[in-house]
Amino acid sequence: MIFVLCAGALAPTVGKTAPYAAMVMDARTGEVLHSRNADTRLHPASLTKMMTIYIAFQAIQRGEISLDTEVTITSAASSEPPSKLGLRTGQTIRLRYLIRAAAVKSANDAATAIGIAIGGSEEAFAARMNATAQAMGMTSTTFRNMHGLTESGHMSTARDMSVLGRHIIYDYPQYYNLFSRRSADAGIAQVNNTNRRFLDSYEGADGIKTGFTNAAGYNLVASAQRGQVRIIATVFGGTSTANRNARVAELLDMGFARAPGRATVRAPALPAYRSTPAPAPTQTAEPELVAGNQNPPTAVARTIRVSGQVQSSIRPEARPSGEEPVLVAAATEAIDDALALALAAPAEVAETATEVAEAATDVIEEALPETAAAVQLASASELAPATIETLPEVRPAEIIMTAADIAPANTVPTAEPEVVTRISTSGGRHWGINVGRYGSRYEAERTLIQVALSEPSALDGALRRILQRSGGFDANFMGLTREGADLACRRLQARGTTCFMIGTDES
């Protein structure tokens, strides 16, 4: 009799599933295309890490910390349960590796280390997460930690997580490729993406974040782009990885079926910036980390960029007037100077060709098809802190890589040369714009010509470039300044043309 009662008490627990919720959103406009229980407060699990990573991007942009800050691992971080990177108390590791581990592997120890490095404590960082969520309009979310493990009061909704995913896409577009990497070098280990099955199976999928706990079930905020349409789909409470992926695929299909082919992009407003005051130095504080946190919160790092492994400093020739392919021929003396500065900095071991190929940005991957992948320099503020200057208007965030991300010299991409690339990065012309993804190279080229004719003044000097992706052919204009790219996009959007800015940096 006792056994029967015990078995009866256990039965509901064994069969219990997490509540289901879903949201489908047109990322371009924020319009909700489908929702189910979207405002029900549920356990977000590791979707939480999207906010942790978002604030890390924000802190880097604002000069609070750099990607190459050596973070000292606390016992609180190292003792987190799996999934984890395997960090040890007292070891140091660069922030860039912690971000990769949190985004790709969903490592709990890495997420906690990020929060403590930026906020000074878990509590202070959680307060910043909540303030940022409120500023984004995530009115039903409360964060208690930075990793998403089940904790009383740590709750969110499918609607709020969709809003957060949209902010990641539009507020920090240069970082966004991080979420589509199938694997990444996390410094002490090569880590695989927890979302790689979905990324490989759904056409156009490029992110964003998975989550799982027993209380939450299998969660996913996914985004996919086809042509000029980008859809965000969020699921809470999947019963397995396969079930979750199938549901998200159905929701994305629904989104693409319901969303208009063209829409004016209305990017979300940047949330109000709130820095976390640096904690008072203690005997256990890491000197570099404390100094990094005490940088003026309004300072923004200047960046120096180099595209490709420059062999000589030859002035670029004038752009040909015809339609023949134009290959990058040169870079300026300023690029050589920047390269020398980067190579003088402490270098890491070069990453594998596969990692570099996934790490490099669209512009650099295609700009020098006959050379190894891109060199990205650490920010000038990281190499010479005295040169930090305040640039409060900068948007989107600057994403900086070090000379460690140089590809091996004998790595030669097999893809055929692209039609057009930029010919100089001098004068800050390392920005571009994307005007859609198309089913054929011909459609992409035709669109580029039509857009160029519609805005000749805004796109004067811009170079047309077509990039083949698994989901089609991206139509891009490159070789613009940040201001020029922003102006061109605003003018095109006013004409009803979908457009978003592209940069050359990444984490």
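What you are looking at is a predicted structure, and each value in this text was computed from that prediction instead of being measured.
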- prompt: Does the pair Glu203/Arg437 count as a salt bridge with the N-to-O cut at 4.0 Å?
  reply: no
message: Under a 3.5 Å cutoff, is there a donor and acceptor pairing between the side chains of Tyr176 and Asp206?
response: yes
- request: Report the C-alpha separation of Leu87 and Ile188 in whole Å, then their side-chain angles, then the decisive distance to 0.1 Å, and conclude whether the side-chain contact (heavy atoms from CB on, under 4.5 Å) test is met.
  value: CA-CA 9 Å; Leu87 300 170; Ile188 63 174; 4.0 Å; yes
Check: Lys105/Asn193 side-chain N/O donor and acceptor closer than 3.5 Å: no
- prompt: Just by modelled atom types, is the Met23 backbone N or O under 3.5 Å from a matching donor or acceptor in the Arg159 side chain?
  reply: no
- prompt: Are the side chain of His147 and the backbone of Leu149 linked by a donor-acceptor contact shorter than 3.5 Å?
  reply: yes
- prompt: Is there a donor-acceptor pair closer than 3.5 Å between any side-chain N or O of Asp486 and the backbone N or O of Arg482?
  reply: no
query: Considering the options Thr112, Asp109, Thr89, which one meets the side chain to side chain donor-acceptor pair (under 3.5 Å) requirement together with Ser78?
result: Thr89
- line: Ala133 meets the side chain to side chain contact (heavy atoms under 4.5 Å, CB included) criterion, sequence neighbours left out, with Met51, Met138, Phe143
field: Non-neighbouring partners of Tyr202 that pass ring pair (Phe, Tyr, Trp, His ring centres under 6.0 Å), sequence neighbours left out
entry: Phe198
task: Determine, using ring centers only, whether Phe57 and Tyr172 are less than 6.0 Å apart.
output: yes
- request: Without swapping roles, check the side chain of Asn219 against the backbone of Pro44 for a donor-acceptor pair under 3.5 Å.
  value: yes
field: Residue pair Ser106, Ser83: steps toward the side chain to side chain donor-acceptor pair (under 3.5 Å) verdict
entry: CA-CA 7 Å; Ser106 197; Ser83 173; 5.9 Å; no
